[in-house]
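Worksheet: one structure, shown below.
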Number of protein chains: 2
Amino acid sequence: MLSKKTKYGLKALTFLASQKVKEPVQIAEIAKQENISQKFLESILLSLRKTGFLGSKKGKGGGYYLIKEPKEVLMTDVMRVLEGPIAMVPCVSLNFYEKCDDCPDEKSCSVNKLMLKVRDANLAVYRNSTLADLI
Amino acid sequence: MLSKKTKYGLKALTFLASQKVKEPVQIAEIAKQENISQKFLESILLSLRKTGFLGSKKGKGGGYYLIKEPKEVLMTDVMRVLEGPIAMVPCVSLNFYEKCDDCPDEKSCSVNKLMLKVRDANLAVYRNSTLADLI
DNA sequence: TGATTATCCTATTAAATCTATAGGGTAATA
DNA sequence: TATTACCCTATAGATTTAATAGGATAATCA
């Protein structure tokens with residue numbers, strides 16, 4: 001299942017990407033428009049800022065804004081920040097590789113074999129999708 | 001993340017599929033060979049039996065065995081039983097469709113748009129994989 | 001028949017994760 | 001200097017996952 005965090009994060013990014021005027025948008029505004037708990041959204045936007053997707057401005061007229069052009073924002077990067085590893089098991093993860101405790105040999109592991117295919121399929125989708133494609 | 005239930009279930013199915021002699025295999029044997037908690041595996045095998053993947057035999061010489069030929073066992077079916085819906089959000093699920101509370105219009109939803117592609121990619125993998133391919 | 005074997009089934013608990021909320025701090029603006 | 005709006009940590013509630021406990025039931029074989 002996709003976490004609410006990822007769902008809300010994607011909606012917020014899309015919302016910002018579809019703004020005509022490139023001015024900061026307040027958390028409250030995004031939360032209201034997208035039916036998201038404001039406080040929860042706050043923490044999500046914060047993490048998107050810390051990972052370089054968003055910029056922010058404090059005080060009156062402040063809010064969040066996209067740093068890059070929507071077509072420059074790859075879904076692989078967004079998903080890794082919001083949802084975590086794209087692979088369903090650590091032993092097939094490119095960026096978060098970890099060996100399984102139980103499995104003595106990855107080469108002969110059926111789970112490894114299947115999940116490798118799944119990872120590749122998902123990567124292909126995310127690598128071919130940008131924020132611009134979601135609008 | 002893939003649940004342990006699914007991971008163990010897949011390993012057990014593969015273990016049974018790779019048996020030379022088609023005789024029932026005891027839970028304890030599978031648990032030992034695959035490093036799985038026996039009691040946990042017990043409940044997993046039970047659910048695989050109830051969903052028509054496995055047969056069982058009680059008493060001495062009893063155990064679990066595959067009902068179909070490995071190449072007849074589709075991963076789409078296995079995954080839906082073990083892991084649940086293949087889709088990451090209910091609004092793009094073929095077999096477990098549900099409308100989102102928050103989202104007013106699926107057609108214009110960015111999450112829906114992206115997750116539809118992901119679902120299709122995953123389905124393609126699972127539809128093209130059988131238990132025989134995992135050995 | 002009776003002892004043994006192994007699955008069947010329900011309930012419960014422990015741990016982890018996810019989602020949301022609370023409450024105040026900090027910086028920018030007018 | 002008052003107001004606005006982001007910043008940050010802590011925590012609680014809910015849900016899911018993983019594992020365990022304990023016994024019931026059915027089949028086999030001596």
Side-chain angles (χ1 to χ4, degrees), chain A residues 1-12 16 23-51 53-67 81-85 88-90 96 100-102 111, chain B residues 1-12 16 23-32 34-67 81-85 88-90 96 100-102 111:
Chain A
M1 272 288 278
L2 197 75
S3 69
K4 298 260 183 187
K5 179 184 175 185
T6 303
K7 186 178 177 184
Y8 295 162
L10 286 172
K11 287 199 170 195
L16 290 174
E23 278 173 0
V25 182
Q26 298 164 29
I27 297 173
E29 167 80 5
I30 305 175
K32 191 183 168 191
Q33 293 295 327
E34 298 290 344
N35 291 308
I36 304 172
S37 148
Q38 181 167 336
K39 275 291 188 181
F40 191 23
L41 179 61
E42 197 175 312
S43 71
I44 297 168
L45 295 181
L46 199 61
S47 82
L48 286 171
R49 182 185 64 84
K50 287 183 176 170
T51 47
F53 293 97
L54 299 179
S56 65
K57 198 180 163 190
K58 287 185 181 177
K60 194 166 190 177
Y64 281 96
Y65 53 90
L66 274 180
I67 284 195
V81 163
L82 292 174
E83 189 74 3
M88 291 184 81
V89 282
F96 304 87
C100 294
D101 307 328
D102 46 319
V111 177
Chain B
M1 272 288 277
L2 197 74
S3 69
K4 299 260 182 186
K5 180 184 174 185
T6 303
K7 185 178 178 185
Y8 295 162
L10 285 173
K11 287 200 170 195
L16 291 175
E23 277 173 2
V25 182
Q26 298 164 27
I27 298 174
E29 168 80 6
I30 306 175
K32 191 183 169 191
E34 299 290 344
N35 293 308
I36 303 172
S37 149
Q38 181 167 337
K39 274 293 188 180
F40 190 23
L41 179 61
E42 196 175 314
S43 71
I44 297 168
L45 296 181
L46 200 61
S47 81
L48 286 171
R49 182 185 63 84
K50 287 183 177 173
T51 47
F53 293 97
L54 299 178
S56 66
K57 197 180 163 189
K58 286 185 182 177
K60 195 166 189 177
Y64 281 96
Y65 53 90
L66 275 181
I67 284 196
V81 164
L82 292 174
E83 189 74 4
M88 292 184 80
V89 282
F96 304 86
C100 294
D101 306 330
D102 46 319
V111 177

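Values in this document were obtained by computation on a predicted structure and should not be read as measured data. The chains referred to below are lettered A, B, ... by the order of the sequence lines, with proteins before strands, and numbering in each begins at 1.
Distance, Phe40(A) CZ to dG23(C) P: 19 Å, rounded to whole Å. Separating the CG atom of Leu48(B) from the P atom of dC8(C) is a distance of 12 Å, rounded to the nearest angstrom. Here the P atom of nucleotide dT5(C) and the OH atom of Tyr64(B) are 19 Å apart, to the nearest Å. In this entry the distance linking CG of Asn35(B) with C1' of dA18(D) reads 16 Å, nearest Å. Regarding Glu83(A), its CD atom lies at a distance of 8 Å from the P atom of dT19(C), rounded to whole Å. The CE atom of Met1(A) sits 23 Å away from the P atom of dA16(C) (whole-angstrom rounding). Ile30(B) has its CD1 atom 13 Å from the P atom of dA6(C), to the nearest Å. Going from atom CD1 of Ile44(A) over to atom C1' of dC8(D) covers 15 Å, rounded to whole Å.
Put simply, Ser37(B) has a side-chain N or O that comes within less than 4.0 Å of OP1 or OP2 on dT20(D). Neither OP1 nor OP2 of dA19(D) sits under 4.0 Å from any side-chain N or O of Lys5(B). Side-chain N/O atoms of Arg49(B) include none lying less than 4.0 angstrom from OP1 or OP2 on dA6(C).
The residue Lys39(B) sits close to a base: some heavy atom pair falls under 4.0 Å. Counting any heavy atom pair closer than 4.0 Å across all strands shown, Lys50(B) reaches sugar-phosphate atoms only and no base atom. Among the protein residues, Leu45(B) comes within range of no part of the nucleic acid, since none of its heavy atoms lies under 4.0 Å from any strand.
Separation of atoms CG (Leu82(B)) and CG (Leu2(B)) is listed at 9.0 Å; rounding is to 0.5 Å. With values rounded to the nearest 0.5 angstrom, Tyr64(A) atom OH is found 8.5 Å from Leu41(A) atom CG.
Under a 4.0 Å N-O distance rule, the pair Glu29(B)/Lys32(B) does not qualify as a salt bridge.
For dC6(D), its base never sits under 3.5 Å from the side chain of Glu42(A) at any donor and acceptor pair.
Put simply, the side chain of Met1(A) does not reach to within 4.5 Å of the side chain of Pro85(B), judged on heavy atoms. Contact check for Ser37(B) versus Lys4(B): no side-chain heavy atoms found under the 4.5 Å cut-off.
Each of dT28(D), dT4(D), dA18(D) was ranked by its minimum atom distance to the side chain of Ser3(B); first place goes to dA18(D). Residue Lys60(A) has its side chain nearest to dT4(D) when only dC8(D), dC8(C), dT4(D) are considered. Counting only heavy atoms from C-beta on, Tyr8(B) has its side chain closest to dA19(D) among dT21(C), dA19(D), dC6(D).
Map Gln26(A) and Gly59(B) each onto its nearest nucleotide of DNA chain D; the residue landing nearer the 5' end is Gln26(A). Along DNA chain C, the nucleotide nearest to Gln38(A) and the one nearest to Lys58(A) differ in position, and the one closer to the 5' end is contacted by Gln38(A).
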